A.B. asks: 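Below is the structure I would like to discuss, written out as structure tokens.
On a predicted model such as this, the values are computed, not experimentally measured, just so you know.
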Amino acid sequence: MTATKILGIVLGAGAVYWIINKTRFSNSLVYLPTSFKVGGSILNPEFTMGVKIVNPSNVTTTFSNLNSELFLQNGQKVANVFYREKINIPANSDVSIVLSANSNLFDLANSIYQLIISKSAKFVVRGIASVDNIPLPFIINY
């Protein structure tokens, strides 16, 4: 085997090892809900959700580009949730962010109907966020 093939194999294995460890580290972030508020108008309802992101590791990480959806616990979609800012989370610390969600009248009407039937106001945010430039899924229960 030539030196370039060996070097290619070593670099490829190193890249795979780095990606696996980075993904494992990024999955260690903890998302804790802090607040949930409803506002806006009846035609353009807005939801504001506070989230504390805890980084329990000893490495600083970057969080950005959150794309998710807000659901009732029974699966009824309520709104789309976006967060575009890029934040650094220092090692062994936490950062609080505020997520905003916009809904439309149809989704809101269906959600109110489901809330009346189920008599439960539990919400779930499901989506993908970029953690250290790796898109990872997450779930936050309110």
A.B. asks: In terms of side-chain heavy atoms, does Asn55 have a donor or acceptor partner in Thr61 at a distance below 3.5 Å?
C.D. replies: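 No.
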A.B. asks: Hey, mind stepping through Ser96 and Lys52 against side chain to side chain contact (heavy atoms under 4.5 Å, CB included) and telling me if it holds?
C.D. replies: CA-CA 4 Å; Ser96 293; Lys52 183 183 286 189; 4.1 Å; yes
A.B. asks: Can you find a heavy atom in the side chain of Val124 that is under 4.5 Å from one in the side chain of Ile140?
C.D. replies: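 No; the side chains remain at least 4.5 Å from each other.
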A.B. asks: Would you name the heavy atoms of Arg126 and Ile139 that are closest together and state the gap between them?
C.D. replies: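 Minimum heavy-atom separation between Arg126 and Ile139: CG-CG1, 3.7 Å.
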A.B. asks: With side chain to side chain contact (heavy atoms under 4.5 Å, CB included) as the test, would you mind laying out the steps for Thr62 and Ile87 before giving the verdict?
C.D. replies: CA-CA 6 Å; Thr62 303; Ile87 56 172; over 6 Å; no
A.B. asks: Indicate if Val95 and Val98 have the same hydrophobic cluster label, given that clusters are the connected sets of ILVMFWY residues with side-chain heavy-atom separations under 4.5 angstrom.
C.D. replies: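 Hydrophobic grouping puts Val95 apart from Val98.
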A.B. asks: So, do Leu99 and Leu66 sit near enough that their side-chain heavy atoms are less than 4.5 Å apart?
C.D. replies: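 Sidechains of Leu66 and Leu99: in contact.
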A.B. asks: Can you list the other members of the hydrophobic cluster that holds Leu7, where links are side-chain heavy atoms under 4.5 angstrom apart?
C.D. replies: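 Noted: Leu7 shares its cluster with Leu11.
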A.B. asks: Is there a donor-acceptor pair closer than 3.5 Å between any side-chain N or O of Ser35 and the backbone N or O of Gly50?
C.D. replies: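 Flag set: sc Ser35 to bb Gly50 pair under 3.5 Å.
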A.B. asks: Between the side chains of Arg84 and Asn67, is a donor N or O closer than 3.5 angstrom to an acceptor N or O?
C.D. replies: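 Side chains of Arg84 and Asn67: pair found under 3.5 Å.
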A.B. asks: Testing the basics here: between Ala101 and Met49, what is the closest heavy-atom pair and its distance to 0.1 Å?
C.D. replies: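 Scanning both residues completely, I find the closest heavy atoms to be CB-CE, 3.8 Å.
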A.B. asks: OG of Ser103 to CD of Glu46: how many Å apart, nearest 0.5 Å?
C.D. replies: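 Nearest 0.5 Å value for the OG-CD distance: 10.5 Å.
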A.B. asks: Taking the side chain as every heavy atom from C-beta outward, state whether Phe82 and Asn102 have any atom pair closer than 4.5 Å.
C.D. replies: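 They are not in contact (no side-chain heavy atoms under 4.5 Å apart), so the answer is no.
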A.B. asks: Of the non-hydrogen atoms in Ser68 and Gly127, which two are nearest, and what is the gap between them?
C.D. replies: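 Result for this residue pair: CB-CA, 3.5 Å.
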A.B. asks: If you draw a 6.0 Å radius around OH in Tyr113, do more than 12 non-hydrogen atoms from other residues or ligands fall strictly inside?
C.D. replies: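 No, the 6.0 Å shell around OH holds no more than 12 heavy atoms from other groups.
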A.B. asks: Please evaluate residues Leu72 and Lys122 with respect to the criterion side chain to side chain contact (heavy atoms under 4.5 Å, CB included), reporting the C-alpha separation (whole Å), side-chain torsions for both, the decisive distance (0.1 Å), and the verdict.
C.D. replies: CA-CA 6 Å; Leu72 291 176; Lys122 294 185 180 179; over 6 Å; no
A.B. asks: For the atom pair NZ (Lys77) and CG (Leu70), what is the distance rounded to the nearest 0.5 Å?
C.D. replies: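 It is 10.0 Å, given to the nearest 0.5 Å.
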A.B. asks: Are any of the side-chain heavy atoms of Asn92 and Asn58 separated by less than 4.5 Å?
C.D. replies: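 Asn92 vs Asn58: side chains touch.
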A.B. asks: Check whether any side-chain heavy atom of Ile97 sits under 4.5 Å from a side-chain heavy atom of Phe63, and report yes or no.
C.D. replies: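 SC-SC contact between Ile97 and Phe63 confirmed.
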A.B. asks: Between Ile53, Val30, Val51, Val125, which is the residue that forms a side-chain contact (heavy atoms from CB on, under 4.5 Å) with Phe138?
C.D. replies: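 Option passing the side-chain contact (heavy atoms from CB on, under 4.5 Å) with Phe138: Val125.
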A.B. asks: What residue among Phe36, Phe123, Phe71 forms ring-ring contact (aromatic ring centres under 6.0 Å, His included) with Tyr142?
C.D. replies: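 Answer after filtering Phe36, Phe123, Phe71: Phe36.
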A.B. asks: So do Ile89 and Thr60 actually touch side chain to side chain, heavy atoms under 4.5 Å?
C.D. replies: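 Of all side-chain heavy-atom pairs linking Ile89 with Thr60, none is under 4.5 Å.
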